[in-house]
Amino acid sequence: MTAQDKELAQLHDNIVEDVKSLVDKYMSIVGWDVPENNEESAKSKILYIIKDAIEEIEEGSID
């Protein structure tokens with residue numbers, strides 16, 4: 001295992017928590033702005049947007 005792998009392994013839980021916080025953030029915003037909010041539908045759509053963003057990052061070059 002490389003030093004980079006060890007560092008990323010240590011960061012794993014932080015990254016997961018950051019993504020969960022991101023979903024929670026946008027769930028809250030949608031909940032405030034949309035009175036008839038369907039939480040399951042909103043969560044599904046937010047996750048779709050995040051996955052789409054990840055795909056865009058994967059397809060782009062890393063500087």
Side-chain angles (χ1 to χ4, degrees):
M1 181 179 277
T2 67
Q4 182 181 26
D5 292 336
K6 289 177 185 175
E7 180 68 19
L8 290 170
Q10 289 177 334
L11 292 172
H12 177 272
D13 291 344
N14 292 27
I15 294 168
V16 171
E17 285 302 314
D18 287 345
V19 174
K20 287 180 180 180
S21 293
L22 186 63
V23 172
D24 289 342
K25 172 186 173 181
Y26 287 105
M27 287 290 291
S28 294
I29 292 170
V30 171
W32 297 330
D33 294 343
V34 182
E36 68 279 357
N37 182 38
N38 176 322
E39 287 191 14
E40 286 303 313
S41 176
K43 184 183 283 186
S44 176
K45 291 175 183 179
I46 292 167
L47 290 171
Y48 175 82
I49 293 167
I50 292 170
K51 289 175 187 176
D52 189 50
I54 291 169
E55 287 178 13
E56 287 181 23
I57 292 167
E58 287 176 336
E59 292 170 1
S61 63
I62 298 175
D63 295 327

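Below, each value reflects all heavy atoms present in this structure, side chains not excepted, and no hydrogens, waters or symmetry copies.
With sequence neighbours excluded, the residues forming a side-chain contact (heavy atoms from CB on, under 4.5 Å) with D52 are E55, E56, listed by chain and number. Remark: K6 engages M1 in a side-chain contact (heavy atoms from CB on, under 4.5 Å) (not counting sequence neighbours).
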Return all side-chain donor-acceptor pairs below 3.5 angstrom for residues 24-46, not counting sequence neighbours, or 'none' if the list is empty.
residue: S28; atom: OG; partner: D24; partner atom: O; Å: 3.1
residue: N38; atom: OD1; partner: E40; partner atom: N; Å: 3.2
residue: N38; atom: OD1; partner: S41; partner atom: N; Å: 3.0

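Once rounded to the nearest 0.5 Å, the distance linking CG of D13 with CG of D18 reads 11.0 Å. Note that CG of L22 and CG of L47 are 9.5 Å apart. Values are rounded to the nearest 0.5 Å.
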